[in-house]
Structures are given as structure tokens and as C-alpha cells.
Amino acid sequence: MRIDLHAHSTASDGTTAPAALVRLAADAGLDVVALTDHDTTAGWAEATAALPPGLSLVTGVELSCRWADGGIEMHMLGYLFDREEPVFAAERAAARTARVDRARRMVDALTADGVPVSWERVSELAAGAPVGRPHVAGALVEAGVVPDVPAAFADRWLGRRYRLPKRDTDAIEAVRLIRGAGGVAVFAHPRARLRGRTVPDSTIAALAAAGMAGIEVDHPDHGEADRAELRTLAADLGLVTTGSSDFHGANKPVRLGEHTTSAEAYERIVALSGSPPVRAAG
Ligand code: AMP
Ligand code: FE
Ligand code: FE
Ligand code: ZN
């Protein structure tokens, strides 16, 4: 079985529409793909409707979190939860609303420095998706300020200088929200430096104690040493380990299915969840 448990679509900051994403997953020889857009489940219906026979869809989300007040940034994946459950739904909605204000302020700072980008264009590029730095990056590319989206993440642009913090969910609260909606929580890319620092192992232990089921180990942002350490930690804590591409289409260089999850880990995630993965009708 080939299983990729982390991918983004145009429903957030990827460049592949949900329907095209599931077709691409089948073409890439995947048996299972998870759709984990930032802060939204808006792509689930389109992906479900377009599911090719033989491919299973793990419905999911990636929530931006923080460890302790004002602390380290991290991302939590939620899988196979009830999108109608009101408490978690309200948290995702609040995150999306806050993204608009933050993106507007980033655009304001750029225009104040004479950079030719507009909120109108950034908003058009987001096209209703939770707006993020990749959409601002797209406007910078269009304006000829940078050659491509990754270049817009340099320190002098959105990587540091014009980057503003997001409204983040407390990480322990995120685990509770995901579980409260019948889902399974997996810590996305624990060793990726989202803003300089990564959380210590004691934080992963605390999240595990709060009910987090697993950690992403095989990820493009993890080196071999990180992976080995994370595997040992997961074994100590009884956590599932996953592997995923974190596909973003043309916005990042990774291919869908470039990193994969074992069948055992996948089955454990499914067994812990309240809803089954989606299969094509008929
Ligand atoms: P935001 O959530 O608005 O802060 O934007 C974060 C998103 O930017 C991540 O989910 C990635 O999709 C994207 N991103 C972060 N760093 C880079 C990078 N170096 N190159 C391309 N995309 C990036
Ligand atoms: Fe992203
Ligand atoms: Fe992430
Ligand atoms: Zn992601």
C-alpha cells in the first residue's frame, strides 16, 4: 500500500484543485491520500466527488498551533473527524477570519515600503481559501518582485521582514478539539523550524499524554538524524509514525507520494477515528 497522509489543495495554499489532487494521487500510484488543507475542510466535497476507484481519501485538516502562550509555532494534523462538530468548526472559522486581517496588514506593510502589491489581488489569488503567505507570495511573483513563490519566503520578504504572526490554537487545545470531533491528531513535521525553534521532546510527551496519536517522521523538512530521533521517541511514547509529502503543487518542490506511511500506522489511525476513510461510490 502507498499512503500519503498530508497534502494541500487550492482550498488552502496548494495549486492543485481537490478533484485534480485525487486524480494525481491515483496517477502517482497511491492507495490512500489525505487532504489536509490549512484551517479548512472546504475541499473535502470536491475531492470526494472526484475520487477515482481504488483510492481512499482520508479527510483532514492542518491547524496552526502554538506551544504555550507566545511560544513555539507548530502544526497539528487532524484526521477523520466530524466537520459539523461545532466547537472545532468554530475554531477553524476563527483561524480563517484572523488570517484575513493578518494578510491585509502584511500587504499594508509591503505597500508602505513601495512594493507594488494590493490586497485586492492577494484576495483574488486566495479565491475564498484561508489566505496565507503563499497568496501574498503569488502577488509578489506577479508583480515581478521575486522570480517564484519559494523566493518570496526569503528573509527580506515573507520569510521574516514582512511576516506577521498568525492567530494560533494552543497545541493541547488542538488535540482536544480534534479528538472532541471524533478525529485523530498527528503532529505535523515536528522538526521543521517554523520560526526558529522546534519543541523539545517533553512537549511531544505532553501532547501524547493529551491524546495525540502520532508524529510525522518522513517529511521533506526532516533530515536523517531528525527521523531517527523521532522514531525512537515515538517508540518510547507509543506514538504512530507517519510519512507524507506535504504536497503544495507548484508552490513547493516536493512530489505527491514522495514520502509515505506504513499500512500498520494507517490502520491504527483509522481504528482510532470515528469516521472511515472515503471510497469511490459503486
Ligand atoms: P502562513 O500559514 O500564511 O504563515 O503560510 C505558511 C505556508 O507558507 C506554509 O504552509 C507553506 O505552504 C508555505 N511556505 C512556508 N515556507 C515556505 C518556503 N520556504 N517556500 C515555499 N512555501 C513556503
Ligand atoms: Fe501550506
Ligand atoms: Fe505544515
Ligand atoms: Zn502542510
Side-chain angles (χ1 to χ4, degrees), residues 4-16 18 21 34-40 42-43 60-67 72-79 92 94-107 109-110 117 119 122-123 125-126 129-141 146-169 171 174 185-196 198-199 214-222 242-254 256 259:
D4 186 342
L5 289 183
H6 187 162
H8 297 265
S9 75
T10 48
S12 67
D13 61 2
T15 61
T16 310
L21 181 77
L35 178 63
T36 53
D37 277 306
H38 298 284
D39 304 332
T40 185
V61 76
E62 184 175 24
L63 205 62
S64 298
C65 299
R66 202 169 281 271
W67 176 254
I72 303 169
E73 283 181 36
M74 45 177 290
H75 290 171
M76 191 67 68
L77 294 160
Y79 295 125
R92 298 192 301 275
R96 294 194 297 270
T97 303
R99 277 174 171 279
V100 174
D101 174 60
R102 171 215 189 213
R104 275 178 171 281
R105 286 186 289 115
M106 287 195 285
V107 169
L110 284 160
V117 289
W119 166 247
V122 170
S123 175
L125 289 172
V131 61
R133 285 181 293 153
H135 305 112
V136 182
L140 288 170
V141 174
V146 290
D148 53 28
V149 166
F153 280 87
D155 280 357
R156 62 178 296 220
W157 301 111
L158 303 171
R160 193 180 173 96
R161 175 143 183 211
Y162 294 99
R163 178 180 186 174
L164 289 176
K166 276 205 300 282
R167 172 200 181 281
D168 296 313
T169 305
V186 170
F187 189 169
H189 45 71
R191 294 292 176 98
R193 297 180 181 284
L194 300 185
R195 211 175 174 131
T198 59
V199 298
I215 54 176
E216 207 172 53
V217 172
D218 290 307
H219 182 278
D221 292 353
H222 289 166
T242 66
S244 1
S245 64
D246 200 355
F247 180 71
H248 278 74
N251 279 346
K252 281 192 178 178
V254 72
L256 192 61
H259 301 285

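Source: prediction; values computed, not measured. Remember, it's 1-based here, ligands and their atoms both numbered in the order they're listed.
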Would His8 count as a contact of ligand 1 if the rule is a heavy atom under 4.0 Å away?
no

With no hydrogens and no angle check, is any side-chain donor or acceptor of Arg102 less than 3.5 Å from a backbone partner on Leu164?
yes

Should we say atom CZ of Arg160 is surrounded by more than 12 heavy atoms from elsewhere, each under 6.0 Å from it?
no

For atom 19 (N) of ligand 1, find the nearest protein heavy atom and state the residue, atom name and distance (0.1 Å precision).
Phe153 CB, 3.5 Å

Near Lys166 (heavy-atom distance under 4.0 Å), the atoms of ligand 1 are 1 (P), 2 (O), 4 (O)

Aromatic contact, His38 with His8 (centres under 6.0 Å)
yes

Note: ligand 1 atoms sitting under 4.0 Å from heavy atoms of His248 are 10 (O), 11 (C), 12 (O)

Is it the case that the side chains of Asp13 and His135 hold a donor-acceptor pair, with the cut-off being a distance below 3.5 Å and no angle test?
no

Main-chain N/O of Val217 paired with His222 side-chain donor or acceptor, under 3.5 Å
yes

Among non-hydrogen protein atoms, atom 6 (C) of ligand 1 lies closest to Arg133 NH2, 3.5 Å

Has Glu216 got a side-chain atom pairing as donor or acceptor with His189's backbone, closer than 3.5 angstrom?
yes

Heavy-atom contacts under 4.0 Å between Arg163 and ligand 1: side chain, backbone, both, or neither?
neither

Are any of the N/O atoms on His38, whether in the backbone or the side chain, positioned under 3.5 angstrom from an N/O atom of ligand 1?
yes

4.0 Å heavy-atom contact, His75 with ligand 1
no

Do you know which of Thr40, Thr16, Asp37 makes side chain to side chain donor-acceptor pair (under 3.5 Å) with Ser9?
Asp37

For the Fe ion (ligand 3), decide whether His6 has an N, O or S atom at a distance under 2.8 Å.
no

Check for a donor-acceptor pair, side chain of Arg195 on one end and backbone N or O of Glu73 on the other, with a separation under 3.5 Å.
no

Contacting atoms of ligand 1, where contact means under 4.0 angstrom from a heavy atom of Arg99
2 (O), 3 (O)

Treating Ser64 as the side-chain partner and His75 as the backbone partner, does any N or O pair qualify as donor plus acceptor under 3.5 Å?
no

Metal site angle (apex the Fe ion (ligand 3)), NE2 from His189 and OE2 from Glu62, 10 degrees:
100°

Hey, is Asn251 touching ligand 1 through its side chain, its backbone, both or neither, going by heavy atoms under 4.0 Å?
backbone

Provide the number and element of each atom of ligand 1 under 4.0 Å from a heavy atom of Arg102.
1 (P), 3 (O), 4 (O)

Just by distance, do the side chain of Tyr79 and the backbone of Leu5 share a donor-acceptor pair under 3.5 Å?
yes

Looking at His75, which of its N, O or S atoms is the nearest one to the Fe ion (ligand 3)?
ND1

Per-atom contacts, ligand 1 versus Gly132 - under 4.0 Å to a heavy atom
3 (O)

Could you check atom 9 (C) of ligand 1 against the protein and tell me its nearest heavy-atom contact, residue, atom and distance included?
Asp13 OD2, 3.8 Å

So is Ser64 polar-close to ligand 1, meaning N/O to N/O under 3.5 Å?
no

If you stand at the Fe ion (ligand 2) and look out to OD2 of Asp13 and NE2 of His248, what angle do those two lines make, to 10°?
120°

Main chain of Arg96, side chain of Asp39: is a donor-acceptor contact present, judged purely on distance under 3.5 Å?
no

